[in-house]
Structure formats: C-alpha cells, structure tokens
Amino acid sequence: YTPAYVDDPMEWKSVRAGSEHSCGLKTEGTLWCWGNNGYGRSGLGGQIDFNTPHQVGDAQDWAEVSAGDHHSCGVRTDGTLWCWGECANGKLGMDCPDHVRIPEQVGDAQNWESVSAVHDHTCGVRTDGTLWCWGRGDDGRLGLGEETSNQDEPAQVGGDQDWQSVRVGRDHTCGMRTDRTLWCWGAGDRGQLGLGDESDHSTPQQVEVPVQ
C-alpha cells in the first residue's frame, strides 16, 4: 500500500504500467516485464505470470516500451519497432494467426521514434514527423478518416510531418505537434476529445482551450 523498491533502484531508466502487467527499461538498454503474461503480453514466452521483473530476450538496445492491456510494443535504438501479445484486431501491426509471445519486428522501417499501445489499437511517430496508427478502428480512433474494423499494419495518419508525440487511450487518441498544438480523435461520447462536444471524429481535430 506504499511505494516499495522493485529490484535494484539504481538501474532503471523508465517504466510503463499496463492493464495487468508492467514493463521497464534499465540504463544498460535491457527490457524487463512482469505481471500477467496471458496472451504473451509480457514477451517472456508461454503464459506463466511473473511477480518480479524478468528480462525479455537478451537485446541491450531498447529505447522505449509501452505496455497496453493485452499487448506491448517497443522501439529499439536502431529505429525498429517491435510488438508482442494478443494478436486480435491487428493491434500488433502484423499478420499473425496466433498470439505473439516474444517481441517480433513490425515491418522493416527503421525510423520509428516512439510508440503508444493501450487497448485494441496502437500508434507511433517516426523520426520524419509522420504519425502512424493500426489496430481496431471503431469510432475513428485510428484517425484515418473512416471507421475501419481492423488495420493490421501501420497506416499513415494524413500527410503531415510535424508530429512530435502521440498517446493512445481505450477508444480515442491524442497527439501533439511540433508547434505545441494538441489534437485528438476517436470516440467523443464522454467529452474525452476535449472539443466541446460529444461527437466522434475520424481525423485529428485541434483542441483549443477557451479563453477564461
């Protein structure tokens, strides 16, 4: 019920908490995950749960990791993108007949900068400032201009090359551009897009803070 040290407190670089599992990077570039390993979401092979951090593979070039509900994704220092876990709805960005239980590379692009994985869709930004999304497309959460059922490989969102970051929610997505403007899209039924209405939007919409 209070914060406690997990493993060696002096070696960790970053951490991400998913639905029932967590993943983190150590300063040496290794990837570690723990918790519920159902669907292979922890990338440790099999379905055995782990209540302490376990190293995922032996690579020492991980730059970023994102832990979702039933899947996870990460970016390596060479710009490659890797995902693992539940294969449903195309959220892994690859054609997979079954769950992926260890990290598998997504496509052959080597210019990925960041990735965000949460529920049934995933988005990432490349070093050229382009934004890409894939997975479940209900409510326009992929930002592709239509409500698609599945997108099983990364698809570019619009043609802009000034995206700086993106974060995925359960049924919507938000991103920030290099000019520091904020944009959101997807389901808006509870005002989660910040646009002043409760409508769904299938393309990025700028969020403007009203003058007080």
Side-chain angles (χ1 to χ4, degrees), residues 16 18 63-76 79-96 104-209:
R16 295 291 183 270
E64 181 176 285
V65 65
S66 179
D69 286 359
H70 296 161
H71 77 298
S72 304
C73 293
V75 176
R76 292 188 177 180
T80 56
L81 173 66
W82 301 69
C83 290
W84 57 96
E86 185 183 32
C87 191
N89 304 116
K91 71 184 78 175
L92 299 185
M94 64 185 77
D95 182 14
C96 44
E104 185 170 327
Q105 185 174 346
V106 179
D108 55 6
Q110 296 184 337
N111 62 340
W112 290 98
E113 182 172 354
S114 63
V115 64
S116 178
V118 177
H119 185 53
D120 277 333
H121 74 294
T122 312
C123 293
V125 174
R126 293 185 178 180
T127 56
D128 61 3
T130 56
L131 172 64
W132 302 71
C133 291
W134 58 98
R136 185 173 177 176
D138 295 3
D139 310 307
R141 68 189 74 179
L142 299 182
L144 300 176
E146 58 183 346
E147 297 185 11
T148 58
S149 55
N150 292 321
Q151 176 67 42
D152 60 6
E153 62 182 25
Q156 186 174 351
V157 180
D160 297 309
Q161 296 183 319
D162 60 350
W163 290 98
Q164 180 171 310
S165 63
V166 64
R167 290 294 182 270
V168 170
R170 183 176 181 85
D171 54 11
H172 74 295
T173 310
C174 291
M176 186 172 66
R177 297 190 174 182
T178 55
D179 63 359
R180 312 299 289 183
T181 55
L182 174 65
W183 300 70
C184 291
W185 58 97
D189 57 313
R190 298 186 179 183
Q192 59 264 52
L193 301 184
L195 300 173
D197 59 27
E198 297 182 352
S199 301
D200 297 347
H201 292 273
S202 59
T203 58
Q205 305 292 311
Q206 186 173 352
V207 180
E208 298 186 14
V209 179

Polar side-chain atom of [X] near backbone of [Y] as donor-acceptor pair, under 3.5 Å:
X	Y	value
Gln205	Thr203	yes
Gln151	Glu153	yes
Trp112	Gly79	no

Compare every heavy atom of [Y] with every heavy atom of [X], then report the nearest pair and how far apart it is.
X	Y	answer
Gly143	Pro204	O-CD, 3.8 Å
Asn150	Asn89	OD1-CA, 3.1 Å
Trp185	Gly175	CZ3-N, 3.9 Å

Working to the nearest 0.5 Å, report the span between CG of Leu142 and SG of Cys123.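 One finds 6.5 Å between CG of Leu142 and SG of Cys123.
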Between SG on residue Cys73 and CZ on residue Arg16, distance to nearest 0.5 Å: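 Separation between the atoms: 13.5 Å.
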Restricting to side-chain hydrogen bond (donor to acceptor under 3.5 Å, both in side chains), what partner residues turn up for [X], sequence neighbours left out?
X	answer
Trp132	Thr130
Thr181	Asp179, Trp183
Thr173	His121
Gln192	Asp171, Asp189

For residues 193-202, which side-chain N or O atoms pair as donor and acceptor with protein atoms under 3.5 Å away, sequence neighbours left out?
| from | atom 1 | to | atom 2 | distance (Å) |
| --- | --- | --- | --- | --- |
| Asp197 | OD1 | Ser199 | N | 3.3 |
| Asp200 | OD1 | Gly188 | N | 3.0 |

Test side-chain contact (heavy atoms from CB on, under 4.5 Å) applied to Val166 and Trp163, step by step: CA-CA 8 Å; Val166 64; Trp163 290 98; over 6 Å; no
Do other residues, nucleotides or ligands put more than 12 heavy atoms under 6.0 Å from Arg170 CZ?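 Count not over threshold, so no.
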List for me each residue that meets salt bridge (charged side-chain N to carboxylate O under 4.0 Å, His left out) alongside Arg167, sequence neighbours excluded, and say none if there are none.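 By the salt bridge (charged side-chain N to carboxylate O under 4.0 Å, His left out) rule, Arg167 matches no residue at all.
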I'd like to check the side chain to side chain contact (heavy atoms under 4.5 Å, CB included) partners of Met176; sequence neighbours left out, ordered by chain and number.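 Expected list: Gln164, Ser165, Arg180.
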Tell me every residue that passes ring-ring contact (aromatic ring centres under 6.0 Å, His included) with His172, counting only those two or more places apart in sequence or in another chain.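 ring-ring contact (aromatic ring centres under 6.0 Å, His included) list for His172, sorted by chain: empty.
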Any pair with a residue in residues 139-174 that passes disulfide bond (SG atoms under 2.5 Å apart), sequence neighbours left out, goes on the list, sorted by first then second residue, please.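 Checked against disulfide bond (SG atoms under 2.5 Å apart) - neighbours excluded - the pairs reaching residues 139-174 are Cys174-Cys184.
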Could you go through the side-chain contact (heavy atoms from CB on, under 4.5 Å) check for Leu92 and His71 one step at a time? CA-CA 8 Å; Leu92 299 185; His71 77 298; 3.7 Å; yes
Can you tell me if Glu64 and Ser66 form a side-chain donor-acceptor pair at under 3.5 Å?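 Absent: no donor and acceptor within the cut-off.
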Within a strict 4.5 Å, meaning less than it, do heavy atoms of the Asp162 and Asp160 side chains meet?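 Yes. Closest side-chain heavy atoms under 4.5 Å.
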So which pairs with a foot in residues 107-135 pass salt bridge (charged side-chain N to carboxylate O under 4.0 Å, His left out), sequence neighbours left out?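 For residues 107-135: Lys91-Asp120, Asp120-Arg136.
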